[in-house]
Visitor: 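Structure in structure tokens, see below.
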Number of protein chains: 2
Amino acid sequence: MNRPDLGAMLMRLARQLLAVEQPILEKHDISMWGYAVLTGLGDGPDEPMRTQAALARSIGADKTRIITTLDELQRRGLIEREPDPADRRVRLLRLTPAGRDLLTATQTAIRAAEETVLAQLPPADRRVFLQALQSLSDAAG
Amino acid sequence: MNRPDLGAMLMRLARQLLAVEQPILEKHDISMWGYAVLTGLGDGPDEPMRTQAALARSIGADKTRIITTLDELQRRGLIEREPDPADRRVRLLRLTPAGRDLLTATQTAIRAAEETVLAQLPPADRRVFLQALQSLSDAAG
DNA sequence: TATTGTTATACTCTATAACTATA
DNA sequence: TATAGTTATAGAGTATAACAATA
């Protein structure tokens, strides 16, 4: 079995994915971190996320790194962000309907672009690949 | 099929791999870019690589980004780097025996670390996963 | 004039630490 | 005193452009 290093192959493919997604994000007028935040807020149950630090951790970012992103998403009416009455240090975060709409539209376009990359795999291999990747990615969390 | 975005899963797994490999690289006293360069020079046929720009492209780097790396690898006697007599603008690049030894030792350790990550996959899935990843990664080149 | 390699510079991204407000 | 959020600053990493040498 002679193959490139696992890390090298992952980096290469991830880089291509980023390049493919970049124009889609621009077209939907959202940054990569902005999209990551919308995804992080949209994925879970319908309850608001309870702290910015938890959101940052869930998307693999530093808590200081997402603040300007949150500022802008809030300014554009895509998220709500209000102090928790029970502990006013905490900010409750949730998508607005507009934020949900933007997330859905963007994610649909991104999934379609992923299809063009995955299309070269035979359906059976593709199923195993995605399942294995998700399992490894979950374990990496 | 409800799963995270392909790009998000790849980034997450790649980040874990980098974290796992970092201590190994330090132990072998080589930087990530240094290791990438050694790998790029060691992979192909035995002939020297003909330009630094070609090497940079093959490992996904900018030609200006690898120069300090090449400087250090040469200073440490891990690579040879000499003007091509036929076109003195060009630098012929190749591993020295010491560079080959370091590459082999480091790669062996990195492969072993990858095993611990891949071990959670059933052997059949693992085989398909690696094959599919290599195919996608090659196509991304 | 075109190409390879190099250097310099500016820019972005990221990490760290200090600060505020609440508890 | 401890925690959530914010701001400021310094450092690393990266991209761009200008330059030197050779063709």
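Each chain gets a letter, A, B and so on, in the order its sequence line appears, and its residues count up from 1. Both backbone and side-chain heavy atoms feed into the values below; hydrogens, waters and symmetry mates do not.
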Visitor: Side-chain N or O of A:Arg65 versus OP1/OP2 of D:dG5: is the shortest distance under 4.0 Å?
Guide: no
Visitor: Considering just the side-chain nitrogens and oxygens of A:Arg81, establish if one lies under 4.0 Å of OP1 or OP2 belonging to D:dT6.
Guide: yes
Visitor: Would you indicate which nucleotide in C:dA21, D:dA15, C:dT6 comes nearest to any side-chain atom of A:Arg89?
Guide: C:dA21
Visitor: Distance check needed: C:dT6 P versus B:Asp62 CG, whole Å only.
Guide: 13 Å
Visitor: Whole-Å distance between C:dC13 C1' and A:Met32 CE?
Guide: 10 Å
Visitor: D:dT7 C1' sits how many Å from A:Leu70 CG, rounded?
Guide: 15 Å
Visitor: Quick one: A:Lys63 NZ to C:dA17 C1', roughly how many Å, whole number?
Guide: 11 Å
Visitor: What nucleotide, of D:dT6, C:dA15, C:dG5, holds the atom closest to the side chain of B:Ile67?
Guide: C:dG5
Visitor: Give the nucleotide from the list C:dG5, D:dA4, D:dA23 with an atom nearest to the side chain of A:Thr51.
Guide: D:dA4
Visitor: Roughly how many Å is it from CZ in B:Arg15 to C1' in C:dC13, rounded to a whole number?
Guide: 14 Å
Visitor: Provide, to the nearest angstrom, the distance between the CG atom belonging to A:Leu18 and the C1' atom belonging to C:dT12.
Guide: 16 Å
Visitor: Check this for me: does any side-chain nitrogen of one of B:Lys27 and B:Glu21 sit under 4.0 Å from a carboxylate oxygen of the other?
Guide: no
Visitor: Let me spell it out: for each of A:Thr64 and B:Ala54, pick the nucleotide of DNA chain C with the closest heavy atom. Which residue's pick is nearer the 5' end?
Guide: B:Ala54
Visitor: May I have the list of side-chain donor-acceptor pairs in residues 94-101 of chain B shorter than 3.5 Å, sequence neighbours left out?
Guide:
{"unit_1": "B:Arg94", "atom_1": "NE", "unit_2": "B:Glu80", "atom_2": "OE1", "d": "3.2"}
{"unit_1": "B:Arg94", "atom_1": "NH2", "unit_2": "B:Glu82", "atom_2": "OE2", "d": "2.6"}
{"unit_1": "B:Thr96", "atom_1": "OG1", "unit_2": "B:Gly77", "atom_2": "O", "d": "2.6"}
{"unit_1": "B:Thr96", "atom_1": "OG1", "unit_2": "B:Leu78", "atom_2": "O", "d": "3.1"}
{"unit_1": "B:Thr96", "atom_1": "OG1", "unit_2": "B:Ala98", "atom_2": "N", "d": "3.4"}
{"unit_1": "B:Thr96", "atom_1": "OG1", "unit_2": "B:Gly99", "atom_2": "N", "d": "3.0"}

Visitor: Look at A:Asp29 together with A:Arg76 and state whether they make a salt bridge at an N to O cut-off of under 4.0 Å.
Guide: yes
Visitor: Return no unless some side-chain N or O of A:Trp33 is found under 4.0 Å from OP1 or OP2 of C:dT12.
Guide: no
Visitor: Closer than 4.0 angstrom, basic N to acidic O: yes or no for A:Asp84 and A:Arg91?
Guide: no
Visitor: Just wondering, are more than 12 heavy atoms of other shown residues or ligands nearer than 6.0 Å to CE in B:Met11?
Guide: no
Visitor: Would you kindly give the CD-to-C1' distance between A:Gln52 and D:dT6, to the nearest whole Å?
Guide: 9 Å
Visitor: Rounded to whole angstroms, how far apart are CE on A:Met49 and C1' on D:dA4?
Guide: 15 Å
